[in-house]
Amino acid sequence: AFSLNPTRKTRFILGGSQGSVSINRELLKYAEAWTRDLPLQLLWQTGKNNFDWVKKSLKTTENIHLRPFIDEMGIAYSASDFIICRAGALTLAELEFVKKPAILIPLPSAAANHQYYNTKAFEKRNMAIVITEDQFPQGTLDKTVRHLIENPHILEEIKNNFPKKVLDGAEIIAKTILEDLSL
């Protein structure tokens, strides 16, 4: 669906439905080197308003599959080995459902810093790696991606930490009501 090479690991990058200027800028520092030096390809949702400047900023798009927006999220998740993304509630629910390891980058301006707290819940259960934007200047994203390529067992450990069965919302509510009625 995205012209991906099946012999390369796929990192799916999304900064939310609108994209993320700060994540896009940080990725531009490393994308070409990652896809040249590592057995990686990127499926990168830039956001509609960011697509043109991101594309123009790249010297090559070999193994970099840019999209302004992806409607087929199920296919994108299925095609990827690892996700780099924001930490909104819907994105985290999707990650838990598809059991995909991720680097979570919380939106620093999110109301009541809720994305940061979302990431901490995943990190505590070892279901993701958290990098905050204030760690970008230290090259933390690059170091982490390279470390994960060199140590694929870490990704397997993260995948194994997801719950085996994800309950749907209606089931959780019904169980809670029944438990409360039993008191």
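Only this structure's heavy atoms are used, side chains among them; waters, hydrogens and symmetry mates stay out.
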Subject >> Matching residue for Tyr77 among Glu72, Lys100, Glu94 - test: side-chain hydrogen bond (donor to acceptor under 3.5 Å, both in side chains) >> reply: Glu94
Is [X] salt-bridged to [Y], going by a charged N under 4.0 Å from an acidic O?
X	Y	result
Glu26	Lys29	yes
Arg25	Glu133	no
Arg146	Asp142	yes

With clusters defined by side-chain heavy atoms of hydrophobic residues (ILVMFWY) lying less than 4.5 Å apart, directly or transitively, does [Y] cluster with [X]?
X	Y	value
Leu141	Leu107	no
Leu14	Val98	yes
Leu90	Ile23	no
Phe51	Val21	yes
Leu92	Tyr116	no

Using 0.5 Å steps for rounding, measure from the [atom1] atom of [X] to the [atom2] atom of [Y].
X	Y	atom1	atom2	value
Lys99	Ile158	NZ	CD1	14.5 Å
Glu62	Glu32	CD	CD	10.5 Å
Phe2	Gln45	CZ	CD	9.0 Å
Leu38	Arg36	CG	CZ	9.5 Å
Leu104	Ile84	CG	CD1	10.5 Å
Thr35	Arg11	OG1	CZ	12.5 Å

Original post:
Taking the six-membered ring of Phe69 as reference, does the NZ or CZ atom of Lys48 fall below 6.0 Å from its centre and within a 45° cone about the axis?
Top reply: yes
Please find the pair of heavy atoms, one from [X] and one from [Y], that lie closest to each other, and give the distance.
X	Y	answer
Asn50	Ser20	ND2-N, 3.8 Å
Lys159	Pro101	CG-CD, 3.4 Å
Gln115	Ala110	CG-CB, 4.0 Å
Asn5	Thr7	OD1-OG1, 2.6 Å
Glu96	Pro163	OE2-CG, 3.1 Å
Thr46	Pro68	OG1-CA, 3.7 Å

**OP:** Take atom CD of Gln18 as the centre, draw a 6.0 Å sphere, and report whether it contains more than 12 heavy atoms from other residues, nucleotides or ligands.
**Re:** no
Subject >> Flag if over 12 foreign heavy atoms under 6.0 Å of CZ, Phe136 >> reply: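 It does: Phe136 CZ has more than 12 such atoms within range.
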**OP:** Determine yes or no for a side-chain-to-main-chain donor-acceptor pair under 3.5 angstrom, with Asn161 supplying the side chain and Glu157 the backbone.
**Re:**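 Answer holds: yes.
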Donor + acceptor pair across side chains of [X], [Y] (<3.5 Å):
X	Y	value
Arg86	Thr91	no
Trp34	Asp37	no
Asn24	Trp53	no

Subject >> Worked check of side chain to side chain contact (heavy atoms under 4.5 Å, CB included) between Thr119 and Thr132 >> reply: CA-CA 10 Å; Thr119 65; Thr132 57; over 6 Å; no
Do [X] and [Y] have side chains that approach each other closer than 4.5 Å (heavy atoms only, starting at C-beta)?
X	Y	result
Lys9	Gln41	no
Ile83	Ile103	no
Pro106	Asn118	no

**OP:** For side chain to side chain contact (heavy atoms under 4.5 Å, CB included), just list the numbers for Ile105 and Val130, CA-CA rounded to whole Å, side-chain angles, deciding distance to a tenth of an Å, and then say yes or no.
**Re:** CA-CA 6 Å; Ile105 305 169; Val130 177; over 6 Å; no
**OP:** Quick one: do Leu42 and Asn63 satisfy side chain to side chain contact (heavy atoms under 4.5 Å, CB included)? Show the steps, please.
**Re:** CA-CA 6 Å; Leu42 304 178; Asn63 295 310; over 6 Å; no
Original post:
Should Leu43 and Ile13 be marked as a side chain to side chain contact (heavy atoms under 4.5 Å, CB included) after you check the CA-CA gap, both sets of side-chain angles, and the distance that decides it?
Top reply: CA-CA 6 Å; Leu43 176 57; Ile13 299 135; over 6 Å; no
Subject >> Aromatic ring proximity Phe82/Phe12, centre distance under 6.0 Å >> reply: no
